[in-house]
S.K.: 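Following this message is one structure expressed as structure tokens.
By convention in this document, chain letters (A, B, ...) are assigned in the order of the sequence lines, proteins followed by strands, and residues within each chain are numbered from 1. Everything quoted here is computed from the prediction, not taken from an experiment.
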Protein chains: 2
Amino acid sequence: MSVTIRDVARVSGFSIKTVSNVINGHPQLRPETRQRVEDAIEELGYRPNLSARNLRSGRSGVIGLIIPDLTTAYFAELADAVMRTAAARGLAVLIEPIGSGRENELAALRGQHRHMVDGVIYSSLTLGAGDADLLKSVDTPLVVLGDTSFDGQVDRITMANTAGARAATEHLLAAGRRRVLALAAHEGDIVASAELRLAGYREAIEAAGLAFDPQLVCYADSWHRRGGAASMTKLLEDGVAFDGVFAFNDTLALGAMRVLQESGRRIPQDVAIVGFDDLDETRYSLPALSTVNPRRDDIATAAVETLLRRIEGGPELEAIEIETGFSLEIRESSGGSDQKATSATNAA
Amino acid sequence: MSVTIRDVARVSGFSIKTVSNVINGHPQLRPETRQRVEDAIEELGYRPNLSARNLRSGRSGVIGLIIPDLTTAYFAELADAVMRTAAARGLAVLIEPIGSGRENELAALRGQHRHMVDGVIYSSLTLGAGDADLLKSVDTPLVVLGDTSFDGQVDRITMANTAGARAATEHLLAAGRRRVLALAAHEGDIVASAELRLAGYREAIEAAGLAFDPQLVCYADSWHRRGGAASMTKLLEDGVAFDGVFAFNDTLALGAMRVLQESGRRIPQDVAIVGFDDLDETRYSLPALSTVNPRRDDIATAAVETLLRRIEGGPELEAIEIETGFSLEIRESSGGSDQKATSATNAA
DNA sequence: CCATCAGGGTACAACGTTGGAAGCAGTCGG
DNA sequence: CCGACTGCTTCCAACGTTGTACCCTGATGG
């Protein structure tokens, strides 16, 4: 067996409780005592047994992160940010990739690892306002990352979808583009972020005194490279004229960019393009993709801190919603050399 | 507090231990008793407290996965595979991304979460044979994923680097290519997989009766898109003639492919290209990239099972090394429509 | 009719930790 | 010189689970 607090007590010559007090930073301890205990801990290489501590305290120091999957760049980068934030607070992260689809998302709420985490950060795509009661019925502290509101009944972190989309579109308009595509809404608008980003796009168009042209709004069934490529292929076939593209996420943008280049169009000379998400990859594409940086680190920080607040505060605490800021990363695909234009908002 | 085994005992009318026996599937129980206990469990929605179980049994049901980072597609997909395998065995996975560099890798071995996992799967890039003693000194059960041997002293899962590379190169040769690039070795060969894949490439070249031409072996400092692009740019500038490329991994291949296309070369007509890793992305690139599929699921399964074996068996158990099989995924970039050619090896 | 036995159940201790209550010096005020 | 107080330290119990040892009941055999 490994070294326990009992061994530390024996070696240091103090009682078990005194050692425990040292570990937990209790105030009333003679410095000398503290020092001798710490020496013994050091000497033995003692580390508290988390299971026992957890059993006693009801805490595990582990939080869960529920995401659709890890192989999508967006979620991998989100997970990375959450893990770094959590690690800074001494928390470990248990990732649960649940696959896509509403059924899987619901099943995850009853997941088998729920009882070994202090709380859960839940990145959902398909849950909507109607599921607020369901989420409230889960007795694990919960923070949702997502763009659908739950009537303020559930802690939620959301990103600046509309403002970010508007800034991206305005940037294209400011560069003289007049026919900017919105790529790509969802049929039926089941995904909230699509709706919000489309709204931001429209705001920018109308604020510039241009007419909102439904022909420039295209659709894709998946927000992946493939969807972006397919949409763009169809647009070119249809002969729609445009000189700018605001893609609702980076992979759509990359897929579209690829098709545009295959068709002989130059980026940004013929078509300027801006994405959304600031995936690592966008820095390495040719040309480097301009994009809205949703500040994943801020999202992760807000999520972890809100979760900790909920864990401390219990279910009675009033739910909060936080919208994080964004910045616009102007790269080659929209004509920038590589400056950064920043515009941030923060609202509770 | 949540529902405990005590509540189940009270409701079902049996003792705590009897309930425990039902949960743990002890044989000597009247079916009726079993049924009534299970009914009570169902009724109360009881779930065993893992911390208590773990404290009692010394097991946590959690394994650690130490990888450089999650944002690299290869590791994200590896993590995904490990998590799926582990989930099928009722294990949760605690991912610890440690950044790159030898120092970080060493630090991870003494990581803070080590005491809350039953064992660790460790994907290392920089550890070498000289570190065998170091690895053995870690008292947590450990399985290494990597291409460097530790003299058979540490459990290790490795992939078919040489055979896979040879198959990829042979495929290009069989399609009539005569000047096939090897992209890209590491300067100084610090990374074992580079060395092994280069050996496989060379085997194929020589087995075909061709001369191994050092001019066709190029170098890159990073196995990322950027490195592939930079290498290819330099090759084109240098005017090196070639009609095929075996890239040591997929991101190198994608970076190189991009530069080739920008230069006006057609893939696969002018240059056929094969990668290594079978990243999800390779299916969506244009053209779809042929690649060596290292069977990540097999690697993950072997890793988890070897780890479980080590956890059960203790440190005395003799270390094993497993080399998983591979298959060659022939896609558009090397002229295939989308067939799959398979060739697998398995050795202990 | 009692000893034996087996199936099926129960009581108790222990895993390592921490909070609460209490103990125990030494110091200070009356 | 006694009692209260202060500043540490110690003992005890408890978190929820499971293994060990034991007990009970009814059936069986001598």
S.K.: Using the side-chain contact (heavy atoms from CB on, under 4.5 Å) criterion, which residues pair with A:A73? Sequence neighbours excluded.
M.R.: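 For A:A73, the residues satisfying side-chain contact (heavy atoms from CB on, under 4.5 Å) (neighbours in sequence not counted) are A:L279.
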S.K.: Quickly work out the B:L55 CG to D:dC15 C1' distance and round it to whole Å.
M.R.: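 It works out to 9 Å between those atoms.
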S.K.: State whether the number of non-hydrogen atoms from other residues, nucleotides or ligands found under 6.0 Å of A:R6 atom CZ is greater than 12.
M.R.: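 Open: at most 12 neighbouring heavy atoms sit under 6.0 Å from CZ of A:R6.
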S.K.: Using atom CD1 of B:I41 as one end and atom C1' of D:dT17 as the other, report the distance to the nearest whole Å.
M.R.: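 For the pair B:I41 CD1 and D:dT17 C1', the rounded distance is 13 Å.
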S.K.: Mind calculating the distance between CZ (B:R6) and P (D:dA14) to the nearest angstrom?
M.R.: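 After rounding, the gap between these two atoms is 10 Å.
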S.K.: Hey, are the side chains of B:I121 and B:V304 touching, using non-hydrogen atoms and a 4.5 Å cut-off?
M.R.: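 In short, these two side chains touch, coming nearer than 4.5 Å.
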S.K.: Going by an N to O cut-off under 4.0 Å, is there a salt bridge joining B:E312 and B:R59?
M.R.: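 A salt bridge links B:E312 with B:R59.
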S.K.: Write down the distance between CG (B:D7) and P (D:dC15), rounded to a whole number of angstrom.
M.R.: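 My rounded result for the distance is 11 Å.
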S.K.: Just by distance, do the side chain of B:R156 and the backbone of B:E323 share a donor-acceptor pair under 3.5 Å?
M.R.: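 Pair absent, no side-chain N/O of B:R156 close to backbone of B:E323.
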S.K.: State, yes or no, whether a side-chain contact exists between B:T324 and B:I157 at a heavy-atom distance under 4.5 Å.
M.R.: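 The answer is yes; the side chains approach within 4.5 Å.
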S.K.: Do A:I95 and A:I67 come close enough that some side-chain heavy atom pair is under 4.5 Å?
M.R.: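 Yes - at least one pair of side-chain heavy atoms lies under 4.5 Å apart.
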S.K.: Taking N or O atoms only and anything under 3.5 Å, show me the protein contacts with nucleotides 6-8 of chain D, one pair per line.
M.R.:
none

S.K.: Would you give a per-nucleotide map of nucleotides 18-27 of chain D, 5' to 3', where B means the base has a protein non-hydrogen atom under 4.0 Å away, S means only the sugar-phosphate does, and - means neither?
M.R.: BBB-------
S.K.: Testing A:R84, A:R296, A:R295 one by one against A:E77 for a salt bridge (charged side-chain N to carboxylate O under 4.0 Å, His left out), which residue passes?
M.R.: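 Result for salt bridge (charged side-chain N to carboxylate O under 4.0 Å, His left out) with A:E77: A:R296.
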S.K.: Taking NZ, NE, NH1 and NH2 as the nitrogens, is one of them in A:D39 or A:R36 under 4.0 Å from a carboxylate oxygen of the other?
M.R.: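 Answer for the salt bridge query: no.
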S.K.: Just to verify, what does B:T85 make a side-chain hydrogen bond (donor to acceptor under 3.5 Å, both in side chains) with, not counting sequence neighbours?
M.R.: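 Scan of B:T85 (side-chain hydrogen bond (donor to acceptor under 3.5 Å, both in side chains), adjacent residues dropped) gives none.
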S.K.: What is the distance, rounded to the nearest whole Å, between atom CG of A:N49 and atom P of D:dT17?
M.R.: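 The distance from CG of A:N49 to P of D:dT17 comes to 17 Å, rounded to the nearest Å.
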S.K.: Angle, rounded to 10°, between the helical axes spanning five pairs at each terminus of the helix from C:dC1-D:dG30 to C:dG30-D:dC1?
M.R.: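 The helix from C:dC1-D:dG30 to C:dG30-D:dC1 shows an end-to-end axis angle of 70°.
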S.K.: To the side chain of A:T18, which of D:dT10, C:dT10, C:dG16 is closest?
M.R.: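 When the side chain of A:T18 is considered, D:dT10 is the closest of D:dT10, C:dT10, C:dG16.
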S.K.: For A:T72, enumerate each residue passing the side-chain contact (heavy atoms from CB on, under 4.5 Å) test, keeping only those at least two apart in sequence or located in another chain.
M.R.: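 By the side-chain contact (heavy atoms from CB on, under 4.5 Å) rule, A:T72 matches A:D69, A:Y74, A:F75, A:H224.
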S.K.: Atom CZ of A:F14 and atom C1' of D:dT10: how far apart are they, to the nearest Å?
M.R.: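 My rounded result for the distance is 12 Å.
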